[in-house]
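As structure tokens, the structure follows; a few thoughts come after it.
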Amino acid sequence: MKDLNLVPTFLWFLLLFPLHKAVANGVTPEETKQLRDEVREMFYHAFDGYMEHAFPLDELRPLSCEGEDTLGGYALTLIDSLDTLALLGDRERFTASVEWIGKNLQFDINKTVSIFETTIRVLGGLLSAHLIASDYATGMRIPSYDNELLDLAEDLARRLLPAFDTPTGIPFGSVNLMYGVDEHESKITSTAGGGTLTLEFGVLSRLTNDPIFEQVTKNAVRGLWARRSKLNLVGAHINVFTGEWTQKDAGIGTSIDSFYEYLLKAYLLFGDEECLFIFQEAYSAAMHYLYNDPWYVEVNMDSAAIVWPLFNSLQAFWPGLQVLAGDIDPAIRTHTAFFSVWKRYGFTPEGFNLATLSVQHGQKSYPLRPELIESTYWLYKATRNPRYLDAGRDIVASLQYGARCPCGYCHISDVEFHKREDHMESFFLAETVKYLWLLFDLAVGPDNLVENGPYKYIFSTEGHLLPATPQISLLQEHCSYFGAYCNRDSLKEEPNASDKSADSQETNGSRVSEGWVRTRFPLDSSSFKASPVSGLIKGLCPGLTHEQKYGISYLASVDTPHEDNSAKQKDTVVQSQAIVVVSDQISNQSLSGDGNDNNVKESTERELESDPSQS
């Protein structure tokens, strides 16, 4: 395993010190510019189609050139597209869109909406656009803007808060914007649904000076992590009242994916060391039990027995996350494997069976997902390897020839026969074309808000731009362990042995001083002061382990006995010694990657180290 204490150092080096420019051998400098301009045209083909034929409904039907309400009936695609308009430098349309939303949008409606989708698409879109429109430093400041989007975001978030009123702190999956949670609402939610809210709600808390938004989402993360298995794995679905896992399949894809993502990004954006600690534990477990080099499988969270030898398209975000974590080598190998599936079909199906090396039955669609493109962008940013520009060119060709429709881009219902469906998700404009454009603009010589702007940006899971401004990232926070208070005097005591052991787990770029945790950002004495709180104050009590400081404890399942199967668990994960790249021909090659079959290419030979102590 990699030394995860190097996680934040690598990322900020990558952001602060761009690597040398390079253009692919196969993609000439002139072609790179043409591809960037072509992607820009792709955005406007879809955006103009939406505005002309679907607005103000939620999403576009690009074949019939009609609109449809899919989430809440509040111009979803326009909200999701706002920061892409700003990124492209389209001041006129960005301004017009922000002004229309500020005057016409309202959430006092009798609609039951998804907590997850509403947070990442609508709340995130409003906050990102607000931060751009209200700041002269972005170059897109709107003079007439008066925090209308922030007011809408706060109103929306307050309407989502009733969903968090559960015994575990993990929210319901849906809430009615006018009446709250229905009495018949399902008590089952996904791990991603409950654990992918911290960025948007955390930014809102900092902008409104109201901690409630961040508190409820952080408690949801704690509620999920406290119910992890002894292997530090989490399942896919959980009962928000009992805390019982209703689906114990652990993986990095469907229903779990962005739980991992927001753990790391909460540290990168907020300096949240608790989330970093959880990420390190969760990432180590994922690489130990789920990684079948170069693929990832789904296993039982308790036993680590493989239950699904399946690549699903949502896994494709993982190499990009590994770039942010500084774990580049496995990211390169996994991206190579994932992209081989795209090359074979022209798109990535929702499910690809690693045992039969064929499309999984019932999972043949490609709904214009951005995850593989996102990882391509991050790997090019990290390595400047020209092959990622070649990959981007192939992806553009697939979208142009296979998915382009009269008024936008179509959902592909069958990747084997390239059947098109009359639907275009809003995230096509929020993420898919955004990452493609950023890829080629970076190769040409970036001139955009992300690469050359006043701040370093963290992308939300919907691709929205969240800047590391002082207000957001340098908030004077008191690090506390959950539900505990210490006397002021105890914070100034000399650390004892157990303190030193716990503090050794603190990450690079942060330190504990007199009970207060300083973030990875440099702070001067004038900007970092303890709050004038008398009596009992939140802080770090001496004599506690890192887990005790943050209230991270293991809650054993009451209905499932756990056996000591460490040796057996280790053996259940089959490690391959080569990358298995899917060929263009049908193959019956198994997951192990036997090199005797000519339909499977082996590349980048790698001997894996096996350490029995890492269990």
Would the Tyr388 and Trp378 ring centres measure less than 6.0 Å apart?
no
According to side-chain hydrogen bond (donor to acceptor under 3.5 Å, both in side chains), who are the partners of Arg141, at least two apart in sequence or on a separate chain?
none
Is it the case that atom CG in Asp447 sees more than 12 heavy atoms from other parts of the structure closer than 6.0 Å?
no
The side-chain hydrogen bond (donor to acceptor under 3.5 Å, both in side chains) partners of Glu374 (sequence neighbours excluded) come to none
Are Phe459 and Phe317 close enough that their ring centers fall under 6.0 Å?
no
Flag the pair Tyr366 / Trp342 as yes when their ring centroid distance falls below 6.0 Å, and as no otherwise.
yes
Can you pull the salt bridge (Lys or Arg N to Asp or Glu O under 4.0 Å) pairs that have at least one residue in residues 395-411, sequence neighbours excluded?
Glu41-Arg404
Tell me every residue that passes side-chain hydrogen bond (donor to acceptor under 3.5 Å, both in side chains) with Thr95, counting only those two or more places apart in sequence or in another chain.
none
Lys218: what forms a side-chain hydrogen bond (donor to acceptor under 3.5 Å, both in side chains) with it, not counting sequence neighbours?
Asp272, Glu274
May I ask you to decide if the ring planes of His130 and Tyr145 are parallel, tilted or perpendicular, using 30° and 60° as cut-offs?
tilted
Under 3.5 Å, is there a donor-acceptor pair between the Tyr262 and Glu200 side chains?
yes
On the ring face of Phe270, is Arg206 found with NZ or CZ under 6.0 Å from the centre and within 45° of the axis?
yes
Is it the case that atom NZ in Lys111 sees more than 12 heavy atoms from other parts of the structure closer than 6.0 Å?
yes
Is the closest side-chain donor-acceptor distance between Ser313 and Glu350 under 3.5 Å?
yes
By ring pair (Phe, Tyr, Trp, His ring centres under 6.0 Å), His45 pairs with (sequence neighbours left out) Tyr409
From CA spacing to verdict: side-chain hydrogen bond (donor to acceptor under 3.5 Å, both in side chains), Glu154, Thr208
CA-CA 8 Å; Glu154 182 177 3; Thr208 61; 5.0 Å; no
